[in-house]
Engineer: 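Quick one: the structure is below, and I'll ask about it shortly.
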Amino acid sequence: RCCDWLASVASPESLAPILPHLLLGRGPRLQAWQRRALEGAAAMVGGREALGWRILCGLGPGLTPSGDDFLCGWMLARYVAGLPRGTPRLEGTGRISRAYLRAAAAGQASEAWHHLVASLAAGGPWEPAAEAALRAGETSGADTLTGFLAGLHRLRT
C-alpha cells in the first residue's frame, strides 16, 4: 500500500516512478536517468548490490543525487532489518552524500524517518509520518523512501 501511495503522491521527477516497474514489471514512462536508476535498483533487489551501488552512486539530479538518496533508503531498510550494512566505496558522489550514506548505514536518520519506521512497525497509520519524510528536499524524501521500500521488498523475497 505504501508503494502505491508513494507512486501517486511523489514528484514524477523523483525516483518514485521506478517502483511500479521494479515491483510489477510495468509503470509510467521514465526519463533516461530514471531508466538507469531502475537498472541499479533491479540489480540491488536481485542481489547484485555492488553493481547497483556502482550504477546509483552519484546518479541523477540534486545536491544529494537521487541515486544517493535511494541508497540511503536502502541502507536504512537494512539497518531496520538488522542486516550487515557496510558502505561500499563512495566514488562519483559528493561529500554531503557520502556523509548521509555513512549516517544511514549507522541507522541515523531524521526524526521523520524514526516516526515512519515506528509507525510501520506498529502497523498503525503511517501516512502522516511518510508525508513528513517526503518533505525533505525537492525529491530527496521520495527518492529515499523509494530506496527504503525497495530494500524492504528485497528482504521479503
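Scope of the values below: all heavy atoms of this structure, side chains included, with no hydrogens, waters or symmetry mates. This chain uses plain numbering: 1 for the first residue, then up along the sequence. Note that the structure is a prediction, hence the values are computed from the model and not measured.
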Engineer: Where do E49 and R78 land on the salt bridge (Lys or Arg N to Asp or Glu O under 4.0 Å) test, with the steps shown first?
Structural biologist: CA-CA 12 Å; E49 286 194 35; R78 292 185 66 81; 3.1 Å; yes
Engineer: Is there a chain of hydrophobic side chains (I, L, V, M, F, W, Y, each step under 4.5 Å between heavy atoms) that links I96 to L76?
Structural biologist: no
Engineer: Which pairs pass side chain to side chain donor-acceptor pair (under 3.5 Å) with one or both residues in residues 13-31, sequence neighbours excluded?
Structural biologist: E13-Q31, Q31-W33
Engineer: Nearest 0.5 angstrom please: Q108 CD to C72 SG, how far?
Structural biologist: 11.5 Å
Engineer: Using the rule that Ile, Leu, Val, Met, Phe, Trp and Tyr join whenever any side-chain heavy atoms are under 4.5 Å apart, tell me whether Y100 and V80 fall into a single cluster.
Structural biologist: no
Engineer: For the pair V9 and L134, evaluate side chain to side chain contact (heavy atoms under 4.5 Å, CB included) and give the outcome as yes or no after the intermediate values.
Structural biologist: CA-CA 9 Å; V9 300; L134 283 184; 3.7 Å; yes
Engineer: Taking the side chain as everything from C-beta on, heavy atoms only, tell me whether F148 gets closer than 4.5 Å to L120.
Structural biologist: yes
Engineer: Give the minimum heavy-atom separation between P28 and P20, together with the two atoms involved.
Structural biologist: CD-CG, 4.1 Å
Engineer: L63 and L59: same hydrophobic cluster, using ILVMFWY side-chain contacts below 4.5 Å?
Structural biologist: no
Engineer: Would you call L101 and W53 a side-chain contact if the rule is heavy atoms closer than 4.5 Å?
Structural biologist: yes
Engineer: Do P61 and S66 have side-chain heavy atoms sitting under 4.5 Å apart?
Structural biologist: yes
Engineer: What residues, two or more places apart in sequence or in another chain, satisfy side-chain hydrogen bond (donor to acceptor under 3.5 Å, both in side chains) together with T146?
Structural biologist: none
Engineer: Working to the nearest 0.5 Å, report the span between CG of L145 and OG1 of T139.
Structural biologist: 12.5 Å
Engineer: Which atom pair, heavy atoms only, marks the closest approach of L6 to A16?
Structural biologist: CG-CB, 3.9 Å
Engineer: Quick check: closest heavy atoms across D69 and S140, and the distance to 0.1 Å?
Structural biologist: OD2-OG, 2.8 Å
Engineer: Nearest heavy-atom pair of S97 and P65: which atoms, and what distance?
Structural biologist: OG-CD, 3.3 Å
Engineer: Report the residues that fulfil side chain to side chain contact (heavy atoms under 4.5 Å, CB included) with A150, sequence neighbours left out, ordered by chain and then residue number.
Structural biologist: L22, V45, F70, W74
Engineer: Under the criterion side chain to side chain contact (heavy atoms under 4.5 Å, CB included), I'd like the reasoning laid out for T64 against D143: C-alpha separation, chi angles, the key distance, then a yes or no.
Structural biologist: CA-CA 10 Å; T64 56; D143 297 335; over 6 Å; no
Engineer: Among residues at least two apart in sequence or on other chains, which ones pass side-chain hydrogen bond (donor to acceptor under 3.5 Å, both in side chains) with H114?
Structural biologist: none
Engineer: Judged by atom type as modelled, is there a donor-acceptor pair below 3.5 Å linking the side chain of T144 to the main-chain atoms of G141?
Structural biologist: no
Engineer: Looking at E138 and S11, would you say the former's side chain and the latter's main chain have a donor-acceptor pair under 3.5 Å?
Structural biologist: no
Engineer: Of all heavy-atom pairs between G40 and L56, which one has the smallest distance, and what is that distance?
Structural biologist: C-CD1, 3.8 Å
Engineer: Please report the shortest heavy-atom distance between A129 and S119, naming the atom on each side.
Structural biologist: CB-OG, 3.9 Å
Engineer: Same cluster or not: are W5 and W113 linked, directly or through other Ile, Leu, Val, Met, Phe, Trp or Tyr residues, by side-chain heavy atoms under 4.5 angstrom apart?
Structural biologist: yes
Engineer: Would you mind reporting whether I55 and M44 have side-chain heavy atoms less than 4.5 Å apart?
Structural biologist: no
Engineer: Strictly by salt bridge (Lys or Arg N to Asp or Glu O under 4.0 Å), give each pair with a member in residues 122-135 just once, sequence neighbours left out.
Structural biologist: R1-E127
Engineer: Sequence neighbours left out, what pairs pass salt bridge (Lys or Arg N to Asp or Glu O under 4.0 Å) with at least one residue falling in residues 30-40?
Structural biologist: R36-E39
